[in-house]
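Atoms considered below: every heavy atom in the structure, side chains included; atoms not considered: hydrogens, waters and symmetry mates. None of these values were measured; they are calculated from a predicted model.
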Amino acid sequence: MKAKKTAFFGMFLALSLVAAYIENLIPIQVGVPGVKLGLANIVTMVILYTLGFVAAALLSAARILLSGMLFGSGFAMVYSAAGAALSIVVMAVLRKTGHFSSVGVSVAGGVFHNVGQILVAMAVLETGALLYYLPILVVSGLAAGIVTGIISGILIKRVAPVFRENMM
């Protein structure tokens with residue numbers, strides 16, 4: 001069973017790297033750095049719902065490290081890691097309550113990913129002025145979270161039964 005979980009994890013890690021790469025190819029110009037679609041979050045959500053919090057956190061960490069080395073920078077990895085850490089914790093807590101749909105969990109993840117990035121940027125640049133960007137990033141996190149949450153929900157419904165069937 002452990003070999004199958006490892007194979008699923010490796011497949012999802014590859015998918016998240018492809019999603020991150022595709023996201024880097026899509027230019028989003030809104031005048032605020034850090035606005036992204038969050039395509040890799042789709043994969044993180046599927047892992048969170050099928051393999052759990054630890055696997056989702058490991059997937060996010062591995063994706064950030066690998067994508068940063070492949071097509072990013074050290075600063076990009078730091079900002080992504082801060083956003084992902086806060087996001088995955090919030091998503092796991094909300095999922096565990098059972099009161100939120102995949103869309104609600106994803107929206108919270110998108111918003112808190114941006115909050116984590118703003119907090120790191122404020123610490124690095126030693127200024128609170130970056131809080132002015134937060135409303136724009138919250139709106140972008142909401143929008144991206146809705147889209148990725150809908151897609152994640154569809155995939156979770158299809159992947160979870162296959163995963164359970166293959167793990168038994």
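- Here the closest non-hydrogen pair linking Ala144 and Leu37 is CB-O, 3.3 Å.
- Of the options Val46, Ile151, Ile42, Leu48, a side chain to side chain contact (heavy atoms under 4.5 Å, CB included) to Ile156 is made by Val46 and by none of the others.
- Considering CE of Met45 and CZ of Arg95, their distance stands at 9.0 Å, rounded to 0.5 Å.
- Note that CD1 of Ile47 and CD1 of Ile88 are 10.0 Å apart. Values are rounded to the nearest 0.5 Å.
- In terms of hydrophobic clustering, with Ile, Leu, Val, Met, Phe, Trp and Tyr side chains grouped at heavy-atom distances under 4.5 Å, Met11 and Val18 are assigned to a common cluster.
- Here OG of Ser106 is found 11.0 Å from CG of Leu94. Values are rounded to the nearest 0.5 Å.
- Hydrophobic clustering of Ile, Leu, Val, Met, Phe, Trp and Tyr side chains at less than 4.5 Å, counting indirect connections, keeps Tyr133 apart from Val139.
- Within the 4.5 Å cutoff, the side chain of Met91 has heavy atoms near those of the Asn41 side chain.
- Formation of a donor-acceptor pair under 3.5 Å by the Asn114 side chain with backbone atoms of Val138 is not found in this model.
- Residue Asn24 holds its CG atom at 10.0 Å from CG of Leu39, rounded to the nearest 0.5 Å.
- Shown here for Ala55 and Leu51, the closest heavy-atom pair between the two residues is CB-CB, 3.5 Å.
- Between the side chain of Gln117 and the backbone N or O of Ala82 there is no donor-acceptor pair closer than 3.5 Å.
- Looking at Ser102, its side chain never comes within 3.5 Å of a backbone N or O of Ser152 through a donor-acceptor pair.
- Side chains of Phe12 and Thr44 form no contact here, defined as non-hydrogen atoms less than 4.5 Å apart.
- Closest heavy-atom contact between Ala108 and Val90: CB-CG1, 3.9 Å.
- Between Val105 and Tyr49, some side-chain heavy-atom pair lies under the 4.5 Å cut-off.
- In this structure, the separation between CZ on Phe112 and CG on Leu86 is 6.5 Å, given to the nearest 0.5 Å.
- Taking the side chain as every heavy atom from C-beta outward, Thr50 and Phe9 never approach each other to under 4.5 Å.
- Using modelled atom types, one side-chain atom of Ser140 and one backbone atom of Leu137 make a donor-acceptor pair closer than 3.5 Å.
- Between the Ser60 side chain and the Ala57 main chain, no donor and acceptor come within less than 3.5 Å of each other.
- Side-chain N or O atoms of Ser87 include none that pairs as donor or acceptor with a backbone N or O of His113 at under 3.5 Å.
- With rounding to the nearest 0.5 Å, the separation of CG in Leu59 from CZ in Phe8 is 14.0 Å.
- By the 4.5 Å heavy-atom criterion applied to side chains, Phe53 and Val89 are counted as neighbours.
- More than 12 heavy atoms of other shown residues, nucleotides or ligands fall within 6.0 angstrom of atom CZ in Phe71.
- Residues Met122 and Thr127 are not in side-chain contact: their nearest non-hydrogen atoms beyond the backbone lie 4.5 Å or more apart.
- Ile154 and Val159 fall within a single hydrophobic cluster, where Ile, Leu, Val, Met, Phe, Trp and Tyr are joined by side-chain heavy atoms under 4.5 Å apart, directly or via other members.
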Worksheet entry | Worked check of side-chain contact (heavy atoms from CB on, under 4.5 Å) between Val107 and Phe100 | CA-CA 10 Å; Val107 165; Phe100 296 90; over 6 Å; no
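- A continuous path of Ile, Leu, Val, Met, Phe, Trp and Tyr side chains, each step under 4.5 Å between heavy atoms, connects Leu15 with Ile26, placing both in one hydrophobic cluster.
- The shortest non-hydrogen separation linking Ile64 to Ala84 is CD1-CB, 3.4 Å.
- Both Ile22 and Leu66 are part of a single hydrophobic cluster, where members link through side-chain heavy atoms under 4.5 Å apart.
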